Amino acid sequence: MPRLANENMEMLRIGGKGFTFSGTKIDHLGATEYTLVTVAVDETGSVSGFADELRKMLVMAVEACKKSPRSDNILVRAITFSDKYPKGVKEIHGFKPFSEIDTTAYPDIAPGGWTPLCDACYSAIGATNAYGKQLSEQDFGVNGICFVITDGGENRSVATMAMVKEEIRKSISGEKLESMISILVGINTKDFKDNLDEFYKEAGVTQYIDAGDATPRQLAKLAQFVSTSVSSQSQALGT
């Protein structure tokens, strides 16, 4: 696998389908338990009218999470998804502690392409499972929470629904994590509510939330929801 510029990070694989992700090397971690957080943001052509607001939402969410009393026990991975990327996903950064995350360096959302929703879910949940397994095998306490934020339904993935369902099954079976919450969030989804609701039910995602229109106020509420959910999941670790 390719080496990363940051020597604290390593590249890892999800299954055998060519999906990869990065995470902090275990010997560089200082706590004994972690909540793994993934935020996946739609970067397809249909978000062109609110791309700047989406980036602000992502920054606000991560910055709010930094203020959690449990911030030293949280590792965050941020990705965007569009079929213009290999395997449908671009990693902004892999699982990192807040001390190594600079949200001012987050790139602009550059809308284009179709919606690989299965790829986004498979990458988010599969990476959590794979990294969580490594941590648990080294006697870390670990749980996870994933947010996949989109304005449209599946139409261009490499991963399949069956692959997503299997990763979700693994994540909630207790094989790899203490617990796992996966949340599908719809924005500006007047024409896709039924599609996303069906996707959430068929895939076995924990929750589907309709976040309403992509206004600054609604996206700020979404950022706060992400932060509150992360804090709650982290506090549940070990219980």
Side-chain angles (χ1 to χ4, degrees), residues 1-14 18-31 34-44 47 51-52 54-68 70-82 84-111 116 119-135 140 142-150 177 180 182-183 185 222-223 226-227 229-231 233-234:
M1 294 182 190
R3 294 172 65 87
L4 297 178
N6 184 343
E7 292 297 325
N8 290 347
M9 305 289 288
E10 62 180 341
M11 291 296 296
L12 303 163
R13 294 189 184 278
I14 308 168
F19 283 79
T20 60
F21 69 98
S22 63
T24 301
K25 292 178 180 177
I26 291 177
D27 58 3
H28 287 273
L29 297 175
Y34 286 99
T35 293
L36 306 180
V37 179
T38 301
V39 184
V41 178
D42 195 325
E43 197 176 10
T44 59
V47 306
D52 290 344
L54 273 180
R55 181 188 178 279
K56 289 176 184 176
M57 180 279 301
L58 176 58
V59 169
M60 286 173 60
V62 174
E63 288 298 325
C65 289
K66 286 183 179 182
K67 299 175 183 177
S68 166
R70 295 268 302 167
S71 60
D72 289 342
N73 300 92
I74 296 171
L75 300 174
V76 180
R77 179 178 183 240
I79 62 176
T80 60
F81 59 97
S82 165
K84 64 185 180 178
Y85 300 122
K87 305 298 182 182
V89 171
K90 179 182 75 173
E91 191 174 75
I92 297 173
H93 59 76
F95 291 110
K96 283 184 176 183
F98 287 119
S99 60
E100 297 182 16
I101 296 174
D102 177 11
T103 56
T104 65
Y106 278 13
D108 292 338
I109 301 294
D119 289 347
C121 291
Y122 181 74
S123 177
I125 298 164
T128 303
N129 284 341
Y131 194 55
K133 182 174 185 291
Q134 281 205 352
L135 290 174
F140 287 81
V142 57
N143 67 4
I145 184 167
C146 297
F147 304 86
V148 179
I149 301 164
T150 184
L177 306 168
M180 172 69 174
S182 52
I183 303 175
V185 181
L222 176 56
V226 170
S227 172
S229 300
V230 168
S231 180
Q233 181 70 338
S234 183

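These numbers come from a predicted model, not from an experiment.
Residues S123 and I14 share a closest heavy-atom pair of O-CD1, 3.7 Å. Counting all heavy atoms, side chain and backbone alike, D42 lies closest to L54 at O-CD1, 3.6 Å. T35 and S234 get closest at one heavy-atom pair: OG1-CA, 3.1 Å. Contact record, A51 with P111: CB-CG, 3.7 Å, taken as the closest heavy-atom pair. Nearest heavy-atom pair across A31 and N73 is CB-ND2, 3.6 Å. Contact record, A223 with M57: CB-O, 3.6 Å, taken as the closest heavy-atom pair.
For the atom pair CE (M60) and CD (E63), the distance works out to 10.5 Å, reported to the nearest 0.5 Å. Remark: F147 CZ to S229 OG distance equals 4.5 Å, nearest 0.5 Å. Put simply, OG1 on T20 and CE on M11 are 3.5 Å apart, with the number rounded to the nearest 0.5 Å. In this structure, the separation between CD1 on I109 and CD on E43 is 5.0 Å, given to the nearest 0.5 Å. Rounding to the nearest 0.5 Å places OG1 of T38 at 10.0 Å from CD1 of I145. Distance check, rounded to the nearest 0.5 Å: CE of M9 to CD of E100 gives 7.5 Å.
Under a 3.5 Å cut-off, the side chain of E91 and the backbone N or O of I79 do not form any donor-acceptor pair. Panel note: side chain D102, backbone T104; a donor-acceptor pair is recorded below 3.5 Å. One N or O on the side chain of Q233 and one on the backbone of G144 form a donor-acceptor pair closer than 3.5 Å. In terms of modelled atom types and a separation under 3.5 Å, the side chain of K25 and the main chain of E7 share a donor-acceptor contact.
Between V41 and V47 the shortest side-chain heavy-atom distance does not fall below 4.5 Å. In this structure, the side chains of I74 and K66 stay at 4.5 Å or more apart for every pair of heavy atoms. Counting heavy atoms from C-beta on, the side chains of R55 and D108 come closer than 4.5 Å. With a 4.5 Å cut-off on side-chain heavy atoms, T80 and L58 do not count as touching. Considering only heavy atoms from C-beta on, I125 comes within 4.5 Å of M180 through its side chain.
Annotation for K84: atom NZ counts as buried by contact number, over 12 foreign heavy atoms lying within 6.0 Å.
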Could you go through the side chain to side chain contact (heavy atoms under 4.5 Å, CB included) check for L177 and N129 one step at a time? CA-CA 7 Å; L177 306 168; N129 284 341; 3.7 Å; yes
Carefully, step by step, assess H93 and Y106 under the rule side chain to side chain contact (heavy atoms under 4.5 Å, CB included). CA-CA 9 Å; H93 59 76; Y106 278 13; 2.6 Å; yes
Take F81 and D119, measure what side chain to side chain contact (heavy atoms under 4.5 Å, CB included) needs, and give me the verdict at the end. CA-CA 8 Å; F81 59 97; D119 289 347; over 6 Å; no
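Residues forming a side chain to side chain contact (heavy atoms under 4.5 Å, CB included) with C65 (at least two apart in sequence, or on another chain): F98, S227, V230.
Classification of the Y122-F19 ring pair by plane angle, with boundaries at 30° and 60°, yields perpendicular. Taking the six-membered ring for Trp and thresholds of 30 and 60 degrees, Y131 and F21 have ring planes more than 60 degrees apart, a perpendicular arrangement.
Applying the side chain to side chain contact (heavy atoms under 4.5 Å, CB included) test between Y34 and each of T24, L75, D72, N143 identifies L75 as the sole match.
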